[in-house]
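The sequence lines fix the lettering, A, B, ..., with proteins before strands; numbering per chain opens at 1. All of these numbers come straight from a predicted model, not from anything done at the bench.
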There are 2 protein chains.
Amino acid sequence: MAVYTRIPAEEMADIIAHFGVGELVSAKGIAEGVSNSNWLIETRGTGTSGRFILTVYEERTDVRDLPFFLNLLDHLAAAGCPVPRTIHDETGAPFRTIDTANGERKLALIEFLPGVSADDPTPEQAHAIGRALASVHLAGRDFSMTRKDGMGFEAWRGFVRDCAGRWSEIDPALEAVPAYVDSVIAAWPADLPQSTIHADLFPDNVLLVGDEVSGLIDFYFACTGAMAYDLAVTHAAWSFSADGRVQSHAIGDALIAGYRSVRELEPIEIAALPALAGAGSLRFLLTRAYDWLYTPADALVTKKDPMAFFRRHEFYRENGAAAFGLSA
Amino acid sequence: MAVYTRIPAEEMADIIAHFGVGELVSAKGIAEGVSNSNWLIETRGTGTSGRFILTVYEERTDVRDLPFFLNLLDHLAAAGCPVPRTIHDETGAPFRTIDTANGERKLALIEFLPGVSADDPTPEQAHAIGRALASVHLAGRDFSMTRKDGMGFEAWRGFVRDCAGRWSEIDPALEAVPAYVDSVIAAWPADLPQSTIHADLFPDNVLLVGDEVSGLIDFYFACTGAMAYDLAVTHAAWSFSADGRVQSHAIGDALIAGYRSVRELEPIEIAALPALAGAGSLRFLLTRAYDWLYTPADALVTKKDPMAFFRRHEFYRENGAAAFGLSA
């Protein structure tokens, strides 16, 4: 929640001029994203005009991944998925480099999409989100680029090492986490159908207008991976109360039904969903626990409670297939 | 630079529905303002539709002043000044009350205006800013409400008391400030023409499209006061390098000339400008010094250098009328 990099208005006008979208008329720094700086940009005049999101990538983003993230948006938008297009500059490049007071930074201009994020979605909205996610998976299959999941097993083991001996600073129950990580990795289902997946489809990353999805955004964890894992992560993200104590079957079931109305799940995926949802809960528990222990007290971010995803993990572990309203 | 109050999307839609501006389609928290939470709102549908700024007033704003601030916008906009209108709710009220997790808050919906803030204005822009400020002063004369300057002599003396014994933590040169405050108050020119003034017209509070002023915003220091003081504050805010070391006569002179092209200054005002600009510099020095000493290290704001306005004060003190390219 911040704008880390300051860009004077005159320089902003020069930056926007490279994208052939008309003249800059407004730039508002927006309080979104924890790793990058974002502005809502308005232009008018010759050529395309309208509204855009300008993102300046700060040090936490590995800029070597930008071609994957930005070309993916174009690929999915061209296939009709509700994702914003990348605006390319006059040379055709999907991002540019600028010098700032903090050093060299990459930036990209991305189409603005209307919509608001739902904290408390309706089943109709969950159904629409399932459909949108399935459309991404179908279109993502023929995306030519690949990217390894930066939040995969290797990262999990790193978080376990970093948090070793400190779990009880958060909650003594978390002492079970290292064993949970071992068992989830050991039990990971083989041969799951792969595609390009979002891997972080939380409410903040879905824009809705009424009951329809107007945009899926923030693809900065997108990678090549198991489609059912992405669906399971989305299930964990959407179908619980914020503290993870109460599951909403109405939301979870609508999400799965919406997904299956666009892309039918294979039996192997259906069987794997409980384990994958537990794994997804563990992945977010691990990053939240790490941030909880290592984020400086004066950082401009709100720490998120790791226990909310520990409870989800335990829920999936205990309830298995009963957490999902579906049959093979 | 923050959004302090969290409003779920469903509640946001309910809030916006009271203003008769169509249905909410987008709400982006924006990183502007240090005391309040702001969102850029987009609506569509029946009635008026478009873009608006939603402001939730946090504890630093005295909500008893809201009728003054919000009705002033309507008064000035109706007179053709480049300021945003206040959107009134279905009952005609210029603000509403909501319950939030942080307690009860007032909120207002204000017209969105295009434009960007200039860090490094051109003389043409400075001329336009002078004209816009004069138009506010002319229209402000028949605004029916009044408000005492909350940053007047009484406040200055309070800051001097609060900073006593600690000036040298910032810079030993600031030991001179209490005497400067006494001499500025003693020498304050009597009988200056009054109107409703902005009193904080810094670059952040002026929106420009090309060389034209598209909006004067953030009237939360507006009050009843001397028009020449407002012009002098604007001169101090715009015609120096950020550190206060270098004055730009081209910018300062264009500002004054633009102002006089709309409202001619009286001889008493011209004579008073150097003293008033010194006083305005002192006012910002005092608030910055207070913030420097008393803002917690973990606050979500950037501290501004008090010395930048100490240097301006000394500049006006030493240069007198020569700081202004004008004659009576």
Item to check | Per-residue contact mode, Val209(B) against chain A (heavy atom under 4.5 angstrom) | outcome: side chain
Item to check | Mutual orientation of the aromatic rings belonging to Phe284(B) and Phe309(B) [parallel < 30°, tilted 30-60°, perpendicular > 60°] | outcome: tilted
Checklist entry - Is it the backbone or the side chain of Pro203(A) that comes under 4.5 Å from a heavy atom of chain B, or both, or neither? => result neither
Item to check | Winner by heavy-atom pair count (cut-off under 4.5 Å) against chain A, out of Ser214(B), Pro8(B), Gly115(B) | outcome: Gly115(B)
Checklist entry - Taking atom types as modelled and ignoring hydrogens, do the side chains of Ser241(A) and Asp243(A) form a donor-acceptor contact shorter than 3.5 angstrom? => result yes
Checklist entry - Nearest 0.5 Å, what's the CZ-CD distance between Phe52(A) and Glu42(A)? => result 10.0 Å
Item to check | Polar contact flag, side-chain donor to acceptor under 3.5 angstrom, Gln125(A)-His127(A) | outcome: no
